[in-house]
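Everything on this sheet refers to the single structure shown next.
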Amino acid sequence: MRQAACYEQRRHSSILNTTEGPMTEASTTRAPKSDVVVRFAPSPTGYLHIGGARTALFNWLYARGHGGKFLLRIEDTDRERNNDDAVAAILDGLRWLELDWDGDAVSQFARADRHREIANDMLARGAAYHCYCSPAEIEAARDLAKAEGRPQIFLSPWRDRDRSEAPAGVKPTVRLKAPRDGETRVADHVQGDVTFPNKDLDDLIILRSDGNPTYNLAVVVDDHDMGVTHVIRGVDHLTNTARQTQIYQAMAWTVPAFAHVPLIHGADGAKLSKRHGAQGVEDYRSMGYLPIALRNYLVRLGWSHGDDEIMSNDQLLQWFDIDDINKSASRFDFKKLDDLNGHYIRLTNDAELVTRIGDMLAHLNFAELRALAVDAKAPARADVALANEVANLAPGLRDGPALKARLADVGDDKLLAAMPALKERAKTLAELVTGALFLVAETPLRLDDKAAKLIDDEAKATLDAIAVRFETVAEWTAAALETDVRTYAEQTGAKLGKVAQPLRAALTGRAVSPPVFTVLEVLGRAESLKRIGDITR
RNA sequence: GCUCCCUUCGUCUAUCGGUUAGGACGCGAGAUUUUCAUUCUUGAAAGAGGGGUUCGACUCCCCUAGGGAGCGCCA
């Protein structure tokens, strides 16, 4: 099977020989910072991790804000855990977040020959050597070091031994001949100057015994070949950076600028995992977060611009800088994301929301969502709540596409008409749909407990009386209906709530809903009277 | 164990030695209201602990405690 050199054909040909800069609006571009080139280099794990998403965002903002390039490279040198679906998921995530990259996504694996070439070059110039130690030997040495309380670094005896002494039949690895004395300094835009004593850095393997390059070599060679000027990545790579710096030095290559960003933890301060509710950006899409809201939320995790909270893309491009990123890890707070998302939902026009809802529904599988087992303490997911409500109100709709189709049957105009009322009480697109479910509910409605409580004999009598009036209301609009109901309430001395609540229950099956008069208008006279009749009969 | 990093309201953060330590989310109270929301007003809420340096420290230095990352022929 042919291994593609890159994962996707885009407008440009290979980034490695593309020289023109990307298109960025002049108004949002700062003075070019000596041709910035950054890259996002995820390994194909199957989804775009939320922390990776922020790293990508930081890179993207830095590149676009400086009129530079934002490149993509897939770190797929480990063939065992690589597959095309995993890569596609990451690209999908980036596209959904609206982070566009320049050129094609480069496959690191496809560049193995080049990596080997450099390894041989290093061998030739005495910057690397063959090591004939077996994995078992190395492990034993490390165990001993650990037992004796020494640093767990492995000092290969082959560093100074001649190849002629090599045991027969053993395929050697190639190790970097790292300096033993002095220290290696990493000048980092986030972490500051961090120095590592060279005695604590062992000779890392750059070529496996099977001849394949390792990550640390590949990264350096690729970053160098791609002309990367700024490496923005997670702090988990900081120690690697010291070793990678030694490779740059061995090759006499220019060391790029570094910015190691802190990690994102779950609400409890622990590493983000499945039990926190969501790891991949696809989960956030499923829950109905808007890309712009997620971006705004993520950029504020570890970075700030004074007291600014809600920032436009243009402002971010203008303001974002790696020097302003904090060093400490932060915790993911769904409540704040919800607030931002609600804000952006209210800012988005109704037609676009309808479109976005359609996009979201196309991806939802209700059975899967309802089966989603997350930690009880994890925040409730809006998409799961939606799936549950669908099961209650419209059990015939098995998945998102079915709901989408049903909504289309009812008419986009109805959803659109309800949108102003819906959007100010929703934090997510999923909540928007949950609120709109009365449109597609199967009748006769199954009232939930709270709604059922609102329907007693008195309420039924009221509904009967109201139904009679509704038969003849001249204009079926929210305003006219409200006037009519208010008139009725005044005439009978009833509080408006005494009429509105039973009406709400009869029309939506719920004690909470968008304003009843809006519900009436959107449902239409026939459907409204039918639902009221279902209750009183 | 070794190396490196971090520590301001519950959470995200502002503060470039001098502030009543500010903002946002969340939480409490109130107003608006047909439910729920939205919106508005308002309240409570923080410099981990201990030493220095300084006229003055959240801010600089040291120690302690707590937390995190790394220590692979993974990336």
Side-chain angles (χ1 to χ4, degrees), chain A residues 41-45 75-78 80-81 108 131 133-135 138-139 142 145-154 171-175 186 188 190-192 194-197 199-202 204-210 212 214-216 218-219 234-240 242 260 262-263 265 267 269-271 297 300-310 326-340 342 346 421-427 431 435 450-451 454 482 485-486 489 495-501 503-505 508 510-517:
Chain A
S43 52
T45 49
E75 312 267 19
D76 53 0
T77 53
D78 183 356
E80 280 175 25
R81 50 167 106 161
Q108 184 159 72
C131 172
C133 294
S134 69
I138 297 169
E139 196 183 336
R142 264 197 269 265
K146 189 174 185 179
E148 292 178 357
R150 299 196 321 267
Q152 292 171 59
I153 58 167
F154 179 73
K171 288 190 172 176
T173 57
V174 175
R175 303 187 93 112
V186 177
D188 195 277
V190 174
Q191 305 292 329
V194 185
T195 58
F196 297 87
K199 65 175 173 59
D200 295 327
L201 267 20
D202 53 6
L204 87 190
I205 292 174
I206 55 177
L207 233 46
R208 300 181 175 98
S209 53
D210 65 3
N212 284 319
T214 58
Y215 166 76
N216 278 300
V219 166
V235 257
D236 47 330
H237 287 281
L238 191 59
T239 327
N240 284 330
H260 286 90
L263 271 25
H265 293 147
K271 193 176 171 190
Y297 176 72
R300 281 285 290 103
L301 241 38
W303 177 85
S304 62
H305 183 267
D307 282 342
D308 294 304
E309 295 288 346
I310 290 165
N326 289 147
K327 287 195 209 181
S328 51
S330 43
R331 300 181 182 206
F332 199 95
D333 180 9
F334 274 96
K335 288 292 179 56
K336 187 153 183 176
L337 207 212
D338 281 348
D339 178 73
L340 270 173
R346 272 167 257 131
L422 291 169
K423 71 202 278 190
E424 70 182 32
R425 53 208 95 217
K427 303 285 191 199
E431 285 181 16
K450 283 177 184 166
L454 291 168
E482 176 166 359
V485 170
R486 282 186 187 278
K495 280 189 175 176
L496 190 54
K498 273 291 185 188
V499 187
Q501 282 304 84
L503 208 43
R504 187 189 315 282
T508 68
R510 297 290 178 263
V512 173
S513 82
V516 271
F517 304 112

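Side chains included, hydrogens not; waters and symmetry mates left out as well; all remaining heavy atoms used. Below, chain A is the first sequence line, B the second, and so on; all start at residue 1.
At a cut-off of 3.5 angstrom, counting only N and O atoms as typed in the model, there is a donor on one side and an acceptor on the other between the side-chain of A/S209 and the base of B/rC73. Within 3.5 Å, no donor on the side chain of A/R331 pairs with an acceptor on the base of B/rU11, nor the reverse. Put simply, the side chain of A/D307 and the base of B/rG22 share a donor and an acceptor less than 3.5 Å apart. Taking only distance into account, the side chain of A/D236 never meets the base of B/rA75 through a donor-acceptor pair shorter than 3.5 Å. A donor-acceptor contact under 3.5 Å is not formed by the side chain of A/R150 with the base of B/rC2.
Inter-residue side-chain proximity for A/R142 and A/D202 is flagged as met; some heavy-atom pair is nearer than 4.5 Å.
Computed from coordinates, the A/Y297 OH to B/rC12 P distance equals 8 Å when rounded to whole Å. If you take CZ of A/R425 and C1' of B/rU35, they are 9 Å apart, rounded to a whole angstrom. Rounded to an integer number of Å, the gap from A/E424 CD to B/rU32 C1' is 12 Å. Taking atom CZ on A/F334 and atom P on B/rC25, their separation rounds to 18 Å, with Å as the unit. Put simply, NE2 on A/H265 is 11 Å from P on B/rC12, counting in whole angstrom units. Look at CG on A/L340: it is 10 Å from C1' on B/rC12, rounded to the nearest Å.
Nucleotide B/rU8 forms a pair with no other nucleotide shown, judged by Watson-Crick or G-U wobble geometry with both contacts under 3.5 Å. With a cut-off of 3.5 Å on both pairing distances, the Watson-Crick or G-U wobble partner of B/rG18 is B/rC55. When both pairing distances are held under 3.5 Å, B/rC71 makes a Watson-Crick or G-U pair with B/rG1. The nucleotide B/rA48 finds its pairing partner in B/rU64, both defining distances of the Watson-Crick or G-U wobble pair being shorter than 3.5 Å. Across the strands present, B/rG30 finds its partner in B/rC40; the criterion is a Watson-Crick or G-U wobble pair with both atom distances under 3.5 angstrom.
The closest donor-acceptor contact from the side chain of A/R504 to the backbone of A/P514 lies under 3.5 Å.
Between A/R142 and the phosphate of B/rG72, there is a side-chain N or O to OP1/OP2 separation shorter than 4.0 Å. Listed pair A/K146 / B/rG1 fails the phosphate criterion, with no side-chain N or O lying under 4.0 Å from OP1 or OP2. Regarding contacts with the backbone of B/rU38, every side-chain N or O of A/R346 stays at 4.0 angstrom or more from both OP1 and OP2. At the phosphate of B/rA14, OP1 or OP2 sits under 4.0 Å from a side-chain N or O atom of A/S304.
In this structure, of B/rC73, B/rC2, B/rC71, it is B/rC71 that holds the atom nearest to the side chain of A/Q152. Between B/rU35, B/rC5, B/rC12, one nucleotide has an atom nearer to the side chain of A/S330 than all others, and that is B/rC12. The nucleotide whose nearest atom lies closest to any side-chain atom of A/D333 is, among B/rU35, B/rG10, B/rA75, B/rG10.
Atom name P, nucleotides B/rC60 and B/rU15: the rounded distance is 12 Å, in whole Å. Comparing the P positions of B/rG18 and B/rC25 gives a spacing of 28 Å, expressed to the nearest Å.
Between A/Y297 and A/F332, the angle of the ring planes goes over 60°, which puts this pair in the perpendicular group of the 30/60° scheme.
With centroids closer than 5.5 Å and planes inclined by less than 30 degrees as the test, A/H237 and the base of B/rG70 fail to qualify as a stacked pair.
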